[in-house]
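Below is one structure; the comments refer to it alone.
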Amino acid sequence: EEPADVLRTTARYAAMRIGRYASVYSREADGNLRRVAVAHRDATIEREIEAQGQPSTIPEIVAKVAETGVGLMNADVVDDNDVFTAASQLVVPIRTASRTLAVLCIGDDGPLPLGALELELATDFGLRAGSATERTRLWQASQRQRAIDQRIVEVLQGEAGADHEHDRR
């Protein structure tokens, strides 16, 4: 599994269990935030949102949560998405103990706004998603290192075999 798969699963779960819509913004190597996943309870709406591509701007609240690492509730939702407009929103970090890996936005258009209980749940979920993402990244790094180590052993064994043949002559 790839870290991106973990982030897509995170968005899917959040849209199904906490709000109706979720998106994940990840920090790129250049430091910029980029939306990497979207999910909606209605698959048709989800496809429409994905078809719109990247948002024209990163929401200010997303940048703030990425910078501070502190989740926020937002009742004053500003969104350039014309397919789904949330009435309330939660924005929480997807983080490890030491750093923010991404930001999870959860929106809901229901009559009752998302509140403190949902924020607590989303914050816990962000920590768990951060841990899963980091474990996936570390596992991939260990597999790459294992392949490099194996290749070094093969090369050394090949050289040792060649030296042994040379000594026998």
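For reference, positions follow the sequence shown, starting with 1. Basis for what follows: all heavy atoms, side chains included, without hydrogens, waters or symmetry-related copies. Note that the structure is predicted; figures quoted are calculated from it, not measured.
- E50 pairs by the side chain to side chain contact (heavy atoms under 4.5 Å, CB included) definition with V38, E46, not counting sequence neighbours.
- Once rounded to the nearest 0.5 Å, the distance linking NE2 of H40 with CE of M16 reads 9.0 Å.
- Interatomic distance, CD1 of I61 versus SG of C105, reported as 7.5 Å (0.5 Å rounding).
- Of all the heavy atoms in T133 and P3, the pair that sits closest is CG2-CB, 4.0 Å.
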For this session: Kindly determine whether Y21 and I49 satisfy side-chain contact (heavy atoms from CB on, under 4.5 Å), including the steps that lead there.
Result: CA-CA 10 Å; Y21 167 79; I49 294 168; 3.5 Å; yes
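- In terms of hydrophobic clustering, with Ile, Leu, Val, Met, Phe, Trp and Tyr side chains grouped at heavy-atom distances under 4.5 Å, Y13 and V6 are assigned to different clusters.
- With sequence neighbours excluded, the residues that form a side chain to side chain contact (heavy atoms under 4.5 Å, CB included) with R151 are E154, V155.
- The two residues L7 and A102 make their nearest non-hydrogen contact at CD2-CB, 4.3 Å.
- Scanning for side chain to side chain donor-acceptor pair (under 3.5 Å) contacts around S26 gives an empty result, with sequence neighbours left out.
- Partners of R17 by side chain to side chain donor-acceptor pair (under 3.5 Å), not counting sequence neighbours: none found.
- A salt bridge is defined here as a Lys NZ or Arg NE, NH1 or NH2 lying under 4.0 Å from an Asp or Glu carboxylate O, and R146 with D149 fails to meet this definition.
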Donor-acceptor pairs are to be reported for all side-chain atoms of residues 109-122 against protein atoms at under 3.5 Å, with residues two or more places apart or in another chain.
residue, atom, partner, partner atom, Å
D109, OD1, R20, NE, 3.2
E118, OE1, G115, N, 2.7

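- Shortest non-hydrogen contact noted between A86 and G107 is CB-CA, 3.8 Å.
- Listed by first and then second residue, the salt bridge (Lys or Arg N to Asp or Glu O under 4.0 Å) pairs that reach into residues 128-137 are R99-E134, D124-R128, E134-R137, sequence neighbours excluded.
- Residue V65 is tested with V70, L72, T100, L33 for a side chain to side chain contact (heavy atoms under 4.5 Å, CB included); the sole match is L72.
- In the hydrophobic cluster analysis, where Ile, Leu, Val, Met, Phe, Trp and Tyr join through side-chain heavy atoms closer than 4.5 angstrom, M73 is grouped together with I18.
- The distance from atom CG of L90 to atom CG of D108, rounded to the nearest 0.5 Å, is 9.0 Å.
- In the displayed structure, E60 atom CD is contacted under 6.0 Å by at most 12 heavy atoms of other residues, nucleotides or ligands.
- With rounding to the nearest 0.5 Å, the separation of OG1 in T123 from CZ in R95 is 10.5 Å.
- V103 and V36 fall into different hydrophobic clusters, where Ile, Leu, Val, Met, Phe, Trp and Tyr are joined by side-chain heavy atoms under 4.5 Å apart, directly or via other members.
- A donor-acceptor contact shorter than 3.5 Å is absent between the side chain of S131 and the backbone of L127.
- When every heavy atom of A22 is checked against every heavy atom of L104, the shortest pair comes out as CB-CD1, 4.2 Å.
- Checking side-chain atoms of R41 against main-chain N and O of G19 turns up a donor-acceptor pair under 3.5 Å.
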